[in-house]
Amino acid sequence: MEPASHGLRESATFDRATIHAIQRAAETGIYDIRGWGAKRRLPHFDDLLLLGASMSRYPLEGYRERCDTDVVLGTRHAKHPLRLSTPVTIAGMSFGALSAQAKEALGRGASEAGTSTTTGDGGMTPEERGHSKHLVYQYLPSRYGMNPDDLRAADAIEVVLGQGAKPGGGGMLLGQKITERVAGMRTLPVGIDQRSACRHPDWTGPDDLAIKILELREITDWEKPIYVKVGATRTYYDVKLAVHAGADVVVVDGMQGGTAATQDVFIEHVGIPTLAALPQAVRALQELGVHREVQLIVSGGIRGGADMAKALALGADAVAIGTAALIALGDNHPKYDAEYRRLGSAAGYFDDYQDGRDPAGISTQDEELAARLDPVDAGRRLANFLRVMTMEAQTLARACGKAHLLHLEPEDLVALTIESAAMARVPLAGTNWIPGAGL
Ligand SMILES: Cc1cc2nc3c(=O)[nH]c(=O)nc-3n(C[C@H](O)[C@H](O)[C@H](O)COP(=O)(O)O)c2cc1C
């Protein structure tokens, strides 16, 4: 707690943010809805460090020795797995939450960097299909915008069971974003707040997932990889169930994962951190003997090459980014600060996703605002960011003596805190102690 110079003492329990939340609730009578992921501090990749090579390990020379970055996703059953140049993909973000220009820019940026992008709740737009070399099509509980032609037009299918920001909950899209085009794709009335379903309408349990995956394979002639995405909660069991149901790729989205709009209480109090979920997922795959055969994508708070390198070292095959991709496109840029402040927010706070008045033209359906985003320029910025992420990860991997990013391993990591050591199952730095190991 900050010591106040005037002698007043802030309560750790009823701090100013808590008092403000109570006052806001008392005044409005409605709960707080916002975008972005958990804002509280959680154990994360910052709490891990990589051990570079020295005497007992042999580092690779940055400019002369290769460190490859390619990854293949969907090798288990699909006739056409996805071959990506870098193990960072763009996570599913809905057209509706994002403008058509933003979706196009994501496709352009991902394609330039040799990776995939993903549709989202509300279906596939021609802009994103046209500009995405590898497009993953989400099959969601809401079924908004779902149609078999788009399934066949995609390069992979992602069955969404949940998101890290709101496992157990459905999506939200406020009425101001439900324009005629968005409403038409979702068969909804224009201008009315929408909630997406929290579970698939035709399933009562994991057996139904197996049936659904088979159906999707038949519709797409066994060509496309089928991903299963879960929000991080009981990850060890969920990953095992997804593998049993026939998934080619499992996507685990941790609690820091972004969202377009959800209740704040949900974002901050449900799910487990990405760092805690990842080793559980890897253990589940290893116990089934399918680690690396069923690929693992991890998301939720991935911000750069260091996070990516650490996630890969813990056993992920790739990471996915949402929030970082939007920032790279130009969202929350300081040049829009005055406009964000007029919305009651500020650049860097991301409390404007749900409102649909994003001055950067990204999380909006307002035609004038959306026209501010040039998809070519924004796509180039995203491609630059993806390249930097990849080069950062390569730098770290070479320092650990690895000729491929996927050769990074848990043995390359130590933890800075007891919590992160216990969650990541790597030793506390300077010791050989892994709290809880053997349990
Ligand atoms: C604006 C926005 C829209 C999103 N829409 C969807 C969606 O339609 N379907 C979905 O599965 N996840 C959705 N997500 C979650 C992302 O797919 C991903 O799980 C999350 O953003 C990863 O965390 P990160 O933002 O910290 O990178 C959305 C996230 C954002 C920021």
Item to complete: Check the pair Glu10 / Arg16 against salt bridge (charged side-chain N to carboxylate O under 4.0 Å, His left out), numbers first and verdict last.
Response: CA-CA 8 Å; Glu10 186 171 333; Arg16 274 168 287 181; 2.6 Å; yes

Discussion item. Assess the residue pair Thr75 and Gln295 against the criterion (side chain to side chain donor-acceptor pair (under 3.5 Å)); give the C-alpha distance rounded to whole Å, side-chain angles, the decisive distance to 0.1 Å, and a yes or no.
Written reply: CA-CA 8 Å; Thr75 49; Gln295 286 81 30; 2.8 Å; yes

Worksheet entry | Residues Val250, Ile297; criterion side chain to side chain contact (heavy atoms under 4.5 Å, CB included); working and verdict | CA-CA 6 Å; Val250 181; Ile297 303 180; over 6 Å; no

Practice prompt. Evaluate side chain to side chain contact (heavy atoms under 4.5 Å, CB included) for Leu73 paired with Leu84, printing each intermediate quantity in order.
Written response: CA-CA 8 Å; Leu73 301 176; Leu84 308 181; 3.7 Å; yes

Worksheet entry | side chain to side chain contact (heavy atoms under 4.5 Å, CB included) evaluation trace for Thr118 with Gln138 | CA-CA 7 Å; Thr118 312; Gln138 283 198 332; 3.6 Å; yes

Practice prompt. Please step through side chain to side chain donor-acceptor pair (under 3.5 Å) for the pair Asp358 and Ser363, ending with a clear verdict.
Written response: CA-CA 6 Å; Asp358 179 6; Ser363 57; 3.1 Å; yes

Discussion item. One pair to check against side chain to side chain contact (heavy atoms under 4.5 Å, CB included): Lys103 and Glu127. What are the steps and the verdict?
Written reply: CA-CA 7 Å; Lys103 292 297 285 175; Glu127 291 93 330; 5.7 Å; no

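In this structure, a donor-acceptor pair under 3.5 Å is absent between the side chains of Arg283 and His291. For the residue pair Arg381 / Asn384, no side-chain donor-acceptor distance below 3.5 Å is found, with atom types taken as modelled. Under 3.5 Å, the side chains of Thr18 and Asp15 contain a donor-acceptor pair of N or O atoms. Side-chain contact annotation: Tyr137 with Lys224, donor-acceptor N/O pair under 3.5 Å absent.
Ion pairing between Arg217 and Asp248 holds under the 4.0 Å rule for side-chain N and carboxylate O. Salt-bridge annotation for Lys133 and Glu112: absent, with no side-chain N of the basic residue lying under 4.0 Å from a carboxylate O of the acidic one. The pair Asp47-Arg41 meets the salt-bridge criterion, since a charged nitrogen lies less than 4.0 angstrom from a carboxylate oxygen. Note on Lys240 versus Glu287: salt bridge recorded, some NZ/NE/NH1/NH2 to OD/OE distance being below 4.0 Å. Look at Lys212 and Asp208 and you find no salt bridge, because none of the NZ, NE, NH1 or NH2 atoms lies under 4.0 Å from a carboxylate O.
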Pairs of donor and acceptor atoms involving the side chains of residues 159-173, under 3.5 Å and at least two apart or interchain, shall be tabulated with distances.
from   : atom 1 : to     : atom 2 : distance (Å)
Lys166 : NZ     : Thr259 : OG1    : 3.1
Lys166 : NZ     : Thr262 : OG1    : 3.3

Side-chain atoms of residues 269-278: list all donor-acceptor pairs with protein atoms under 3.5 Å, sequence neighbours left out, distances to 0.1 Å.
from   : atom 1 : to     : atom 2 : distance (Å)
His269 : ND1    : Arg40  : NH2    : 3.4
Thr274 : OG1    : Gln256 : OE1    : 3.0
Thr274 : OG1    : Gly300 : O      : 2.8

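A heavy-atom distance below 4.5 Å is not found between the side chains of Arg357 and Thr364. With contacts defined as side-chain heavy-atom distances shorter than 4.5 Å, the pair Leu406/Val71 qualifies. By the 4.5 Å heavy-atom criterion applied to side chains, Val414 and Leu428 are not counted as neighbours. Counting heavy atoms from C-beta outward, Tyr336 and Arg342 have side chains that stay 4.5 Å or more apart. Side-chain contact between Glu128 and Leu106 is absent, with no heavy atoms from C-beta onward closer than 4.5 Å. Considering only heavy atoms from C-beta on, Thr119 comes within 4.5 Å of Leu135 through its side chain. The shortest side-chain heavy-atom distance between Ile213 and Val228 falls under the 4.5 Å cut-off. The closest side-chain heavy-atom distance from Met93 to Leu326 is below 4.5 Å.
Scored by the ring pair (Phe, Tyr, Trp, His ring centres under 6.0 Å) test, His404 finds His407 as partners (sequence neighbours excluded). For Arg129, the salt bridge (Lys or Arg N to Asp or Glu O under 4.0 Å) partners two or more places apart in sequence, or in a different chain, are Asp155. Under the rule for a side chain to side chain contact (heavy atoms under 4.5 Å, CB included), the partners of Ala156 that lie at least two apart in sequence or sit in another chain are Leu82, Val136, Pro225, Tyr227. Judged as a side chain to side chain contact (heavy atoms under 4.5 Å, CB included), and not counting sequence neighbours, the contacts of Glu409 are Lys402, Glu411, Asp412. Not counting sequence neighbours, Asp377 has no partner by the salt bridge (Lys or Arg N to Asp or Glu O under 4.0 Å) test. For Arg66, the salt bridge (Lys or Arg N to Asp or Glu O under 4.0 Å) test picks out Asp68, with sequence neighbours left out. Taking Tyr237 as the reference, Arg234 meet the side chain to side chain contact (heavy atoms under 4.5 Å, CB included) condition, with sequence neighbours excluded. With sequence neighbours left out, the salt bridge (Lys or Arg N to Asp or Glu O under 4.0 Å) criterion links Asp70 to no other residue. Remark: Ala110 engages Ile90, Thr115, Thr117 in a side chain to side chain contact (heavy atoms under 4.5 Å, CB included) (not counting sequence neighbours).
Nearest heavy atoms, Met308 versus Ala393: CE-CB, 3.7 Å. The two residues Ala284 and Tyr236 come nearest to each other via the heavy atoms CB-O, 3.4 Å. Closest approach of Lys310 to Phe45, counting heavy atoms only: NZ-O, 2.9 Å. In terms of heavy atoms, Leu209 sits closest to Ala242 at CD2-CA, 4.4 Å. A pairwise comparison of heavy atoms in Leu151 and Thr220 identifies O-CG2, 3.8 Å as the closest pair. Here the closest non-hydrogen pair linking Ser299 and Ala320 is CB-O, 3.3 Å.
Note on ring orientation: taking the six-membered ring where Trp is involved, the planes of Tyr139 and His200 are parallel (angle under 30°, cut-offs 30° and 60°).
Atom CG of Asp121 is separated from atom CZ of Phe95 by 12.5 Å, given to the nearest 0.5 angstrom. To the nearest 0.5 Å, the span separating CH2 on Trp433 from CD1 on Ile418 amounts to 4.0 Å. The CG atom of Asp32 sits 10.0 Å away from the CD atom of Glu268 when rounded to the nearest 0.5 Å. With rounding to the nearest 0.5 angstrom, the CZ atom of Arg34 is 13.0 Å from the CZ atom of Phe266.
Put simply, the side chain of Ser132 never gets that close to the backbone of His134: no donor and acceptor are under 3.5 Å apart. Within the 3.5 Å criterion, the main-chain N or O of Gly107 finds a donor-acceptor partner in the side chain of Ser111. For the pair His44 (side chain) and Asp46 (backbone), a donor-acceptor distance under 3.5 Å is absent.
Residue pairs meeting the side chain to side chain donor-acceptor pair (under 3.5 Å) criterion with at least one partner in residues 83-94, sequence neighbours excluded, are Thr86-Thr390.
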